Amino acid sequence: MKDNNSKTDLLAIDDIGDKLGDLIEWAIRIKNDSDAAFDFKPLEGMTIGSIYEKPSTRTRVSFETGVHRLGGQPITLLSSDIQLGKSESIADTASVLSRYMDCITYRCFGHEDVVELAKGAEVPVINALSDLHHPCQAAADMMTIIENKSGLNGHVSWVGDGNNVLHDLVLGCAILGFDVKYATPEGFEPDDGIMSRAKAIAQSAGSSISGTNDPIEAVSEASVVYTDVFVSMGEEHMGGKMDSFSGFQVNEELVSNSDREYLFMHCLPAHRGEEVTDGVMDSENSVVFDQAENRMWAQMSILTYLCNRAAWETYWELR
Ligand code: CP
Ligand code: NVA
């Protein structure tokens, strides 16, 4: 049986706190390493399970390929195929999977479900997206910003819904000391408790976080312009939600207010013509496919750190 007290879970990006910068630097090193790096197999003999209650392209494929590159065995479990939520509780599922697996990733609807899985599991649990948090996305996003903007002059801006991706983007920026200005329509602001958490972190890092309902105010002179779908998975029943987002599309006119060298970011999948135009998505400023690639490298760092700390540290010292 594994020692429950020694495990670390990643349910929100601030769970790894000040270590975020090093985890990203490690990911950048392995990404830029020669092919020889792939003799490095810190997950050899380990099995990493991933449970999905919602569809996924990037998260699923980047976890499967990342685990494979690190020498581990990925197992993907679609919720439609397993007993979870039908004839078995989250707690019992957590106990059972802990007997086979070395780490579990979980994409769920309510954030409380991944908290419960982590509580019941004897192995590290990684949130692969819940309604409140998307920490793996934030890790890849911070990596993409650092790769493309070594000295971020302006702030990171957000235009859109106050959702899971925004929550961890703001927390990640707070940890790394980046200023953030987010614009959401009235009634679609981010979670107050999470923003208070982020502001407390930002205060000690000397950065600022502010919210507005005015997209132009958010993007003016911004170094990064980020958006996401207006209606997230699980919200499809909120039929009228889209009506509140008039004026929140990231288009050529809106980004003309930003720094000329701004980065356009989107976690994807994008609904082209809704929250963003083709012109912005396909512009030279767009780094959306770098973000998608970096999901794999950032998660390789996180998995190695959570499952084989000694190997993570050895690689850190040698490279
Ligand atoms: N960005 C992201 O999490 O994409 P998927 O839903 O395809 O995993
Ligand atoms: N906010 C979106 C992100 C998808 C990666 C959702 O939760 O559906």
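Each ligand, and each atom within it, is numbered from 1 in the order the structure gives. The model shown is predicted, which means the values in this text are computed figures rather than measured ones. Counting begins at 1 with the first residue of the sequence.
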Would you kindly say whether [X] and [Y] are connected by a side-chain donor-acceptor distance under 3.5 Å?
X    : Y    : answer
D92  : Q83  : no
N251 : Q249 : yes
N127 : S130 : yes

Under 3.5 Å: donor-acceptor pair, side chain of [X], backbone of [Y]:
X    : Y    : value
S286 : M281 : yes
D168 : H133 : no
E317 : Y315 : no

Are any of the N/O atoms on S232, whether in the backbone or the side chain, positioned under 3.5 angstrom from an N/O atom of ligand 2?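 Min N/O separation from ligand 2 is below 3.5 Å for S232.
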Is there a polar contact, in the sense of an N or O pair closer than 3.5 Å, between R107 and ligand 2? no
Suppose we measure from [atom] to each protein heavy atom; which comes out shortest, and what is that distance?
atom                   : answer
atom 7 (O) of ligand 2 : N164 ND2, 2.8 Å
atom 8 (O) of ligand 2 : M233 N, 2.8 Å
atom 3 (C) of ligand 2 : D228 OD2, 3.6 Å

Enumerate the atoms of ligand 2 whose separation from the nearest heavy atom of L268 is less than 4.0 angstrom. 5 (C)
Tell me which residues fall inside the under-4.0 Å heavy-atom shell around ligand 1.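 Within 4.0 Å of ligand 1, the protein residues are S56, T57, R58, T59, R107, H134, Q137, C267, L268, R295.
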What are the two closest heavy atoms between K54 and C108, and how far apart are they? NZ-O, 3.1 Å
Could you note down all residue pairs passing side chain to side chain donor-acceptor pair (under 3.5 Å) where residues 254-270 supplies at least one of them, sequence neighbours left out?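 Residue pairs passing side chain to side chain donor-acceptor pair (under 3.5 Å), neighbours aside: H266-E275.
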Using a heavy-atom cut-off of under 4.0 Å, does the side chain or the backbone of L129 touch ligand 2, or both, or neither?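 The answer is the side chain of L129.
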Within 45° of the ring axis of W316 and under 6.0 Å from its six-membered ring centre, is that where the NZ or CZ of R29 lies?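 Ring-cation test returns yes.
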